[in-house]
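All remarks here apply to the structure that follows.
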Amino acid sequence: MNWFANWFDSEYYHILYNNRDKLEANLFIDNILKKFQPPDNAFFLDLACGSGRHSIYLNKKGYNVDGVDLSKKSLLKGKSYQNDTLKFIAEDIRSYKKPTKYDFILNLFTSFGYFETENDDINVLRNVKISLKKNGIFILDFFNANKVILDLKSYEEKKINNITFKIKKTYDQEFVYKEISIQDQKNNYIFTEKVRLIKLEKFKKYMRKLNMNLISIFGDYQFREFNPVSSERLILVIKKQL
Ligand SMILES: C[S@@+](CC[C@H](N)C(=O)[O-])C[C@H]1O[C@@H](n2cnc3c(N)ncnc32)[C@H](O)[C@@H]1O
């Protein structure tokens with residue numbers, strides 16, 4: 001099984017990242033709505049939506065939203081919020097496409113760069129392009145690979161709800177790896193996150209290849225300017241013009 005199918009479907013992912021909560025999602029969505037002023041009838045796709053924290057809030061704000069994710073257990077957490085204008089769909093983002101259905105596609109909190117080959121990453125972007133309406137907007141919220149490497153702590157221990165997480169981080173030319181050893185009462189588990197270290201130049205190359213237009217670059221959820229050394233995030237705003 002691929003690491004991402006395994007790890008994100010485990011309850012431990014949600015426990016370890018419990019600070020990535022609804023409040024953070026609501027603030028980012030508020031900032032997105034303020035910045036892009038989508039019309040009331042705009043249709044959103046939340047690509048790799050997890051438990052749907054962004055989708056649910058967007059829908060509460062009145063928008064039509066589809067959320068797609070591979071993790072059935074994560075999707076279950078959002079299912080009770082489903083209604084005529086909010087749908088959660090279990091599918092792989094490498095295959096999910098709906099020609100010219102969406103005004104906005106969001107891929108939030110480093111939900112990209114998980115695959116063995118760059119071709120798979122590019123396929124996701126190709127599906128995004130197909131699924132956007134003309135002049136539709138894609139917001140890709142990725143980590144700032146430069147800062148990830150600069151700040152890399154090779155070892156860290158966290159205790160949450162009496163569960164011990166021992167985290168080792170390494171990187172090579174292509175990926176950053178996070179080995180997470182978990183001790184929960186008498187049980188031990190190991191998961192490894194593996195995310196491609198994609199920098200701005202590489203994203204620009206992907207966009208040229210797909211003939212998509214990178215219109216703005218930001219460095220955090222408040223949409224402040226991107227600084228290659230110090231920004232926490234690399235947030236790309238991409239427009240489909242053709
Ligand atoms: C870091 S989480 C972020 C989830 C959500 N965007 C959020 O901010 O809470 C990454 C998500 O990507 C999903 N994912 C990973 N690989 C996927 C794939 N091939 N197809 C669909 N979803 C995938 C995982 O199941 C997980 O929910």
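Order of listing sets the numbers, starting from 1, for every ligand and every atom in it. The shown structure was predicted, so the numbers you read here are calculated from the model rather than taken from an experiment.
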**Asp121 bridged to Arg196 by N-O distance under 4.0 Å** =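 Yes, Asp121 and Arg196 are salt-bridged.
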**Message:** Using a strict threshold of under 4.0 Å (side-chain N to carboxylate O), is an ion pair present between Glu24 and Arg53?
**Reply:** yes
Just to check, does [X] reach to within less than 4.0 Å of ligand 1 when the distance is taken from its heavy atoms?
| X | value |
| --- | --- |
| Phe115 | yes |
| Arg20 | no |
| Tyr13 | yes |
| Ser74 | no |

**Request:** With Lys35 as the cation and Phe223 as the aromatic partner, state whether NZ or CZ is under 6.0 Å from the six-membered ring centre and within 45° of the axis.
**Result:** yes
**Fill in**
Going by the 4.0 angstrom heavy-atom rule, the piece of Phe109 near ligand 1 is both
**Request:** Under 4.0 Å, heavy atoms only, figure out whether ligand 1 is touched by the backbone of Ala5, its side chain, both or neither.
**Result:** neither
Considering only the protein, which heavy-atom contact is closest to [atom], and what is its distance?
| atom | value |
| --- | --- |
| atom 7 (C) of ligand 1 | Arg53 NE, 3.4 Å |
| atom 11 (C) of ligand 1 | Asp69 OD2, 3.7 Å |
| atom 20 (N) of ligand 1 | Ile93 N, 2.9 Å |
| atom 23 (C) of ligand 1 | Leu70 CB, 3.8 Å |
| atom 19 (N) of ligand 1 | Asp92 OD1, 3.0 Å |
| atom 3 (C) of ligand 1 | Ser111 OG, 3.2 Å |
| atom 16 (N) of ligand 1 | Phe4 CD1, 3.3 Å |

**Request:** Would you sort out whether Tyr114 and Phe8 count as a ring pair (Phe, Tyr, Trp, His ring centres under 6.0 Å), showing the intermediate values?
**Result:** CA-CA 12 Å; Tyr114 295 162; Phe8 293 118; 5.4 Å; yes
**Request:** Could you tell me whether Phe226 atom CZ has more than 12 heavy atoms of other residues or ligands within 6.0 Å of it?
**Result:**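 Correct, the count exceeds 12.
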**Prompt:** Do ligand 1 and Val68 have nitrogen or oxygen atoms that lie under 3.5 Å from each other?
**Reply:**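 No: no nitrogen or oxygen of Val68 is under 3.5 Å from one in ligand 1.
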Same cluster for [X] and [Y] if Ile/Leu/Val/Met/Phe/Trp/Tyr side chains link at under 4.5 Å?
| X | Y | value |
| --- | --- | --- |
| Ile160 | Trp7 | yes |
| Ile182 | Tyr177 | no |
| Leu27 | Leu106 | no |
| Leu76 | Val65 | no |

Enumerate the atoms of ligand 1 whose separation from the nearest heavy atom of [X] is less than 4.0 angstrom.
| X | value |
| --- | --- |
| Gly50 | 4 (C), 5 (C), 27 (O) |
| Glu91 | 20 (N), 21 (C) |
| Tyr114 | 1 (C), 10 (C), 12 (O), 15 (C), 16 (N) |
| Ser71 | 25 (O) |

**Message:** Judged on heavy-atom distance to atom 6 (N) of ligand 1, which of Gly113, Ala48, Ala90 sits nearest?
**Reply:**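 Result: the heavy atom closest to atom 6 (N) of ligand 1 is in Ala48.
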**Prompt:** Which class fits the ring pair Phe203 and Phe112: parallel under 30°, tilted 30 to 60°, perpendicular over 60°?
**Reply:**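 Rings of Phe203 and Phe112: tilted, 30 to 60°.
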**Message:** Under a 3.5 Å threshold, yes or no: a donor from one side chain and an acceptor from the other, between Thr85 and Asn59?
**Reply:**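 Side-chain D/A pair, Thr85 to Asn59: present.
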**Test item: side-chain donor near acceptor, Asp184 and Tyr12, under 3.5 Å** = yes
